[in-house]
> 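One structure is given below, represented as structure tokens, and several questions about it will come after.
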Number of protein chains: 2
Amino acid sequence: MIFNVLANTEVARSKDIAEALGVAKPSVTGALKALSDKKLVNYTPYGYVTLTEKGRKQAAVIAAKHSIIKSFFVDVLGIEQEIAETAACKVEHSLGPEIISKLSKFIEFVNTKDSASQTMAQKFSDFYNDSES
Amino acid sequence: MIFNVLANTEVARSKDIAEALGVAKPSVTGALKALSDKKLVNYTPYGYVTLTEKGRKQAAVIAAKHSIIKSFFVDVLGIEQEIAETAACKVEHSLGPEIISKLSKFIEFVNTKDSASQTMAQKFSDFYNDSES
DNA sequence: TTGACAAGTTCGGTAAGACTAACTATATTA
DNA sequence: TAATATAGTTAGTCTTACCGAACTTGTCAA
């Protein structure tokens, strides 16, 4: 989760991380130490926090996963942004490369247009709305 | 997780649960006590374990979720059974009712046949195989 | 029917992840 | 430049989830 904050903001102040994560300050200090031990962040007490090269790579992988999952929820299923965001955060750690890769292909597939230049995502939306009535 | 074992096997011996979960025996005892406190299982030391009515209901909810998620992985994405099973176990606790309900509808949608009496799942399979070459 | 073995439990301990309270370092601004 | 407010850290505690070792219970077979 800290990766997300660092990747997005580049700011890297401990307080921001704590707020973004909804967690108390000491938890952030602890987490930063742990990540520092794993050589994923450059951490010095009272200093700014940046990602190491290794950390940046790992963050990129996570971010890619996250974006694929969220896109599936939002663009395919039609889930609300905020719910999709939260769910993607929770789920991204549980899905291995096989599923992520297939999911990515699937999103691509669902967004290709058919003869009537309609995507499957659009058709599902219709299907869903019809079934509601 | 214990719910899964109890729901599927009906046997309910502590040892089986421990094996199924890949966990040591004391962990099972602890978990059973916790579930017993929540009135989800009937637990007496050294006795057999069964689900309470409440426990059965909750297990059914979880099982339904699980089956929807696994079905998406297997029947829609074409993921291997075992990987899908594992992933579904991890993911089922992270997805709320909005997503589960949409996902369920989506699986239904994907399995409806079009004019050429082909399901979208089949089309995706073709699409995926084409893209591999 | 009793003893040995398997199953289950208790006890004590470790590790992760969080918290509050109290302390320290940094930064701001008067 | 010195005081004070803000950010960050340390220390200590709690909870949860696990483990191994040692003990207890139950059962089955001689």
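A note on names: the letters A, B, ... follow the listed sequences, proteins ahead of strands, and every chain is numbered from 1.
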> Could you tabulate the donor-acceptor pairs under 3.5 Å formed by side-chain atoms of residues 30-47 of chain A, not counting sequence neighbours?
from  : atom 1 : to    : atom 2 : distance (Å)
A/N42 : OD1    : A/T50 : OG1    : 3.1

> Atom CG of A/D37 to atom P of C/dG17: distance rounded to whole Å?
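A/D37 atom CG is separated from C/dG17 atom P by 12 Å.
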> Which comes earlier along DNA chain C counting from the 5' end, the contact point of B/T44 or that of A/G22, where each point is its nearest nucleotide?
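Taking each residue's closest nucleotide, the earlier one in sequence belongs to B/T44.
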> Return the value, rounded to whole Å, for the distance between atom OH of B/Y46 and atom P of C/dT10.
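Between P of C/dT10 and OH of B/Y46: 7 Å.
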> Between C1' on D/dT9 and CZ on A/R13, what's the gap in Å once rounded to a whole number?
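Spelled out: CZ on A/R13 to C1' on D/dT9 is 17 Å.
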> Looking at A/Y128, does the NZ or CZ of B/K102 lie under 6.0 angstrom from its six-membered ring centre and within 45 degrees of the ring axis?
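Yes - B/K102 lies over the ring of A/Y128, closer than 6.0 Å to its centre and within 45° of its axis.
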> Can you tell me how far OG1 of B/T86 sits from NZ of B/K70, rounded to the nearest 0.5 angstrom?
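That separation rounds to 9.0 Å.
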> A/V74: which other cluster members, linking ILVMFWY side chains closer than 4.5 Å, directly or transitively?
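Traced through the cluster, A/V74 reaches no other member.
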> Once you round it to whole Å, what is the distance between C1' of C/dA18 and CE of A/M1?
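In whole Å, C/dA18 C1' lies 13 Å from A/M1 CE.
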> Rounded to the Å, how far apart are B/I17 CD1 and C/dT9 C1'?
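My rounded result for the distance is 14 Å.
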> My understanding is that a hydrophobic cluster links ILVMFWY residues whose side chain heavy atoms are under 4.5 Å apart, including indirect links. Using that, what else belongs to the cluster containing A/V61?
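Hydrophobic cluster check, A/V61: no partners found.
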> Give the nucleotide from the list D/dT9, C/dT9, C/dC19 with an atom nearest to the side chain of A/S14.
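Of the candidates, D/dT9 comes closest.
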> Please give, in whole Å, the distance from C/dA25 P to A/Y48 OH?
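Computing the A/Y48:OH to C/dA25:P distance gives 18 Å.
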> Rounded to the Å, how far apart are A/L21 CG and D/dG8 C1'?
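Interatomic distance, CG of A/L21 to C1' of D/dG8: 16 Å.
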> In this structure, are over 12 heavy atoms from other groups packed under 6.0 Å from A/E53 atom CD?
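Enclosed.
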> Please say whether more than 12 non-hydrogen atoms of neighbouring residues, nucleotides or ligands are located less than 6.0 Å from CZ in B/R13.
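No, because the 6.0 Å sphere around CZ of B/R13 holds 12 heavy atoms or fewer from other groups.
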> Between the protein and nucleotides 1-5 of chain D, list the N/O to N/O atom pairs that are separated by less than 3.5 angstrom.
none

> Below 4.0 angstrom, which residues in residues 24-36 of chain A have at least one non-hydrogen atom near DNA chain D?
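Heavy-atom cutoff 4.0 Å gives A/K25, A/P26, A/T29, A/K33.
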> Name every donor-acceptor pair, under 3.5 Å, that has one atom in a side chain of residues 107-114 of chain B and the other anywhere in the protein, sequence neighbours excluded.
from   : atom 1 : to     : atom 2 : distance (Å)
B/N111 : ND2    : B/I107 : O      : 3.0
B/T112 : OG1    : B/F109 : O      : 2.6
B/D114 : OD1    : B/A116 : N      : 2.9
B/D114 : OD1    : B/S117 : N      : 3.1
B/D114 : OD1    : B/Q118 : N      : 2.9
B/D114 : OD2    : B/K123 : NZ     : 2.6

> Is the shortest side-chain heavy-atom distance between A/L51 and A/F3 below 4.5 Å?
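Yes, at least one pair of side-chain atoms sits under 4.5 Å.
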